[in-house]
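Data first, discussion second: the structure below is written as structure tokens.
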Amino acid sequence: KFVKVAKTPETWRTGSLNDSVTRSVFKNAGAGIEYNELPAWDAFDRHVLRFYGYFKEAVVETNLENHRVRKVTIFYYLEDDTSQIIEPKQDNSGIPQGQLIRRHRFPATGGGYMKPQDFQVGTVMQIYGRNIMITDCDAFTREYYEQAGMAQGPPEPTEQDPFQETRQAMKATEAVQPRTYEKIYREVMLGGGHINADMQQFLEKDKKVLRFYCVMDDVSTPQFERRPFTIMFFLADDQLEIREQYPLNCGRDNFPIFFRKGKMPIGAYRVEGPQAQPRKKSDYVHGHDFRVGMNVTLLGNYSFFVYDADEFTRKYFLEELGEELDVRQDVQLPERAVPRAKTPPYTGYGSWDDSMASVTHLIPKQPKKDFLKLFRHEGKVLRFKAKFASPKPEDTERIFVISFYLQDDTLAIHEPPQRNLGIVTGRFLEKGIHMNQLTGQLFQPNDLLPGNFVKVYNNEFYIMDMDEYSQKVFEDPDQLMKKFDLEAVLQKLRESLRQQYPLVRDIFRRFDTDHDGVLCIQEFQQALEKFGFQLGPEDVLKIMRRFDTRSDGQVSYNEFCDNLLDSDYTTEMMPMKAPLQEHHDQAYAERAMLKSAERAETTQVRKAVKEMGDVLYKKQNFVMRVLKEMKHVTHEDLVSAEQIQSALEQVGHPFHIEDVQRVILYIQPEADLSACDYRDLFKSIVTSFHDISASR
């Protein structure tokens with residue numbers, strides 16, 4: 001099946017240039033063609049005529065109506081001349097609705113199949129024994145028929161059945177006599193008036209809840225347990241609910257409702273039959289009866305101790321009852337001390353770490369070395385002068401030098417040679433980890449101070465003195481004793497950096513550990529330490545200031561490249577770099593520390609937002625759980641950062657309060673930490689998750 005389609009007008013734009021040879025030859029090739037023949041499936045693809053109508057169906061099961069009007073939608077597909085009838089679904093209709101007649105070519109009354117001209121608004125279409133009245137069509141259908149010269153008629157009104165008229169009458173009902181102010185006044189003057197006290201209480205105190213925090217000492221378990229609870233009293237209807245707050249890893253099933261929301265009678269709880277007398281309002285527990293610091297017995301035998309209340313409850317008692325509640329009381333139990341076996345004494349064989357590996361592990365593992373300590377204290381040796389504490393007559397003149405190595409806490413004893421001593425001097429005790437028999441612990445630097453006694457392998461020594469280097473180490477353990485030529489260090493640093501990677505970009509990324517695009521003071525110091533330069537803070541700042549040409553306290557990538565690479569071209573024969581400034585700049589040091597603190601805080605903010613985004617975005621339906629928990633925490637829309645932290649902790653994801661505050665101020669910079677809209681906050685975290693979680 002082919003159809004004629006009007007040829008699309010040509011919109012070729014030549015511009016200021018002449019036509020090409022091909023264009024000039026073939027541009028008039030199809031000038032006389034007005035229509036193109038295309039297959040129907042291509043020309044009429046997705047072209048559908050839509051008509052609206054109805055048919056009547058007899059109803060014999062009830063005497064309230066004798067027929068029912070059912071509305072339908074008729075679709076005619078121009079691409080293959082097929083039709084389809086759909087009945088829109090209605091809620092609670094009780095009738096199977098949807099596709100009434102499947103899509104196919106409808107047979108015509110006089111033979112053949114139905115064509116577009118067989119569908120006319122205002123006519124009755126007969127199909128498979130049903131008479132469908134066509135009442136209207138959509139705008140596209142009307143435009144199609146107007147272009148074909150067969151305009152459709154005006155829309156026809158849809159007939160109403162008795163059932164629909166009854167439904168409309170139910171919606172439009174009004175009071176027989178309207179309630180006016182004069183009528184209310186007359187009722188009150190005559191002693192009437194329908195005042196609903198419960199409804200007035202509900203309207204005034206809806207969403208107002210008194211919340212008390214309490215604990216119950218459970219002695220029925222093998223181990224004593226203090227279980228936390230929350231008592232919530234709803235002022236709108238005087239109902240009470242008790243929820244248990246399960247700590248993490250408590251081992252209990254997560255059924256938080258201890259007492260379902262309802263009115264709780266005073267005394268023992270008993271089930272009453274239909275013949276029992278109704279209780280008075282004073283026979284039920286009321287929220288005004290609770291106080292902070294009091295013991296409450298509920299449900300007969302459950303004793304609760306109220307230790308705190310929320311801010312709304314304290315404000316309500318102060319404003320409504322004129323009574324101020326006591327301050328919060330500490331009810332947290334001390335941490336249980338886990339019994340630990342006593343460490344066996346050191347035998348003296350092997351190192352201490354090797355011996356402890358067999359104590360702490362079933363299968364001994366090789367002890368790990370403290371590489372940071374080895375790096376910090378490499379080459380630092382403390383030397384002390386000592387002699388025997390109770391010497392024999394021939395050992396009175398013997399002098400010993402005790403060397404203590406800070407990098408691995410090893411100790412060695414050497415006896416220097418003396419003239420006419422008569423004893424072979426030299427190594428007295430080999431270097432190793434030894435135990436001080438007087439303290440029962442391994443040797444520490446403070447054990448070797450002058451005036452102390454030490455005992456090793458049954459030899460007791462008296463410490464007489466120590467050298468000048470050891471005195472300086474004791475005065476300032478972090479003091480650097482080595483002196484460096486900073487200009488030479490700078491040149492060696494440049495050469496060492498160039499040998500790392502062929503590209504400067506990779507070198508910069510190697511030392512930019514937090515990937516923020518700049519090197520701060522800590523990262524620059526780590527770069528120096530990697531190549532063995534243990535410089536003090538002032539020396540590090542001097543070298544860093546040489547790289548930092550803008551003097552803003554941090555080294556950017558461009559500044560790093562300018563100092564590491566040579567110039568592309570020079571105007572001099574052998575240009576020299578500017579000399580290093582040896583003086584200390586206190587203002588630059590403050591700027592560098594300020595930038596370092598800002599970068600550290602930025603890293604903490606990104607980490608906190610990413611961790612909270614992982615919790616709220618990646619876990620399905622987790623946001624709804626948090627919102628429900630927030631409803632349990634408070635009924636107000638504006639909450640504090642502490643309440644958000646408490647809600648997240650209750651659902652199993654504890655966050656530090658500072659991280660919660662960082663997330664709030666990052667997502668909502670103008671927000672108040674004491675009054676934050678938690679719904680907008682959670683939506684913003686989920687929406688901006690991909691903006692912050694990308695690794696740079």
Side-chain angles (χ1 to χ4, degrees), residues 337-361 364-418 421-479 481:
V338 179
R340 182 178 178 181
K342 187 177 180 181
T343 303
Y346 178 54
T347 59
Y349 298 100
S351 65
W352 173 268
D353 295 334
D354 288 335
S355 301
M356 286 303 297
S358 61
V359 175
T360 57
H361 297 82
K365 299 180 180 180
Q366 183 179 2
K368 296 181 180 180
K369 295 182 179 180
D370 189 354
F371 291 99
L372 181 61
K373 186 176 182 180
L374 290 172
F375 180 76
R376 291 290 184 185
H377 300 290
E378 181 183 4
K380 292 184 179 181
V381 183
L382 306 181
R383 293 178 175 85
F384 304 89
K385 182 179 180 181
K387 66 177 182 179
F388 282 121
S390 300
K392 298 178 181 179
E394 61 273 15
D395 296 335
T396 304
E397 302 297 331
R398 299 179 66 178
I399 300 298
F400 301 91
V401 177
I402 301 178
S403 302
F404 187 82
Y405 299 84
L406 292 176
Q407 61 182 359
D408 53 1
D409 293 339
T410 55
L411 182 133
I413 301 179
H414 176 76
E415 184 177 4
Q418 297 186 45
L421 186 61
I423 298 176
V424 179
T425 58
R427 180 185 300 172
F428 184 82
L429 180 63
E430 187 177 359
K431 178 184 177 182
I433 298 178
H434 302 289
M435 182 180 65
N436 186 1
Q437 293 178 320
L438 296 181
T439 60
Q441 303 292 332
L442 299 181
F443 273 100
Q444 298 295 330
N446 293 331
D447 297 340
L448 302 173
L449 292 175
N452 292 346
F453 290 89
V454 295
K455 188 175 183 180
V456 55
Y457 292 108
N458 298 327
N459 293 310
E460 188 173 359
F461 296 91
Y462 172 72
I463 308 301
M464 301 170 60
D465 197 4
M466 59 181 173
D467 60 357
E468 184 180 358
Y469 178 82
S470 301
Q471 292 179 0
K472 294 181 179 180
V473 171
F474 274 103
E475 292 176 359
D476 187 4
D478 297 330
Q479 183 181 2
M481 303 302 177

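As the structure is a computational prediction, the values presented were derived from the model and not from experiment.
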Side-chain heavy atoms of [X] within contact of [Y], under 4.5 Å:
X      : Y      : answer
Leu406 : Leu382 : yes
Phe404 : Asp447 : no
Asn452 : Leu438 : no
Thr425 : Pro416 : no
His434 : Ile413 : no
Tyr469 : Val381 : no

Would you say that more than 12 heavy atoms from the other residues, nucleotides or ligands in this model lie under 6.0 Å from the CD of Glu397, or not? no

Using 0.5 Å steps for rounding, measure from the [atom1] atom of [X] to the [atom2] atom of [Y].
X      : Y      : atom1 : atom2 : result
Asp370 : Lys368 : CG    : NZ    : 11.5 Å
Met356 : His361 : CE    : NE2   : 10.0 Å
Lys431 : Asp408 : NZ    : CG    : 5.0 Å
Glu430 : Leu411 : CD    : CG    : 12.0 Å
Met435 : Lys455 : CE    : NZ    : 10.5 Å

Using ring centroids (six-membered ring only for Trp), state whether Phe400 and Phe461 fall under 6.0 Å. yes

Closest contact, heavy atoms only, [X] versus [Y]:
X      : Y      : result
Ala357 : Lys365 : CB-O, 3.4 Å
Phe384 : Ile463 : CB-CG2, 4.1 Å
Met464 : Ala386 : SD-C, 4.1 Å
Ser470 : Arg383 : OG-N, 3.1 Å

Leu448/Ile402 under side-chain contact (heavy atoms from CB on, under 4.5 Å): CA gap, chis, key distance, verdict: CA-CA 9 Å; Leu448 302 173; Ile402 301 178; 4.3 Å; yes

Salt bridge or not for Asp409 and Lys373, using N-O below 4.0 Å? yes

So side chain to side chain donor-acceptor pair (under 3.5 Å) across residues 384-396, not counting sequence neighbours, yields Asp395-Arg398

Any side-chain to backbone donor/acceptor pair from Asn436 onto Leu442? Under 3.5 Å, distance only. no

Short side-chain to backbone donor-acceptor contact, Glu415 and Ile423, under 3.5 Å: no

Check the angle between the aromatic planes of Phe453 and Tyr462 and answer parallel, tilted or perpendicular using the 30° and 60° thresholds. tilted

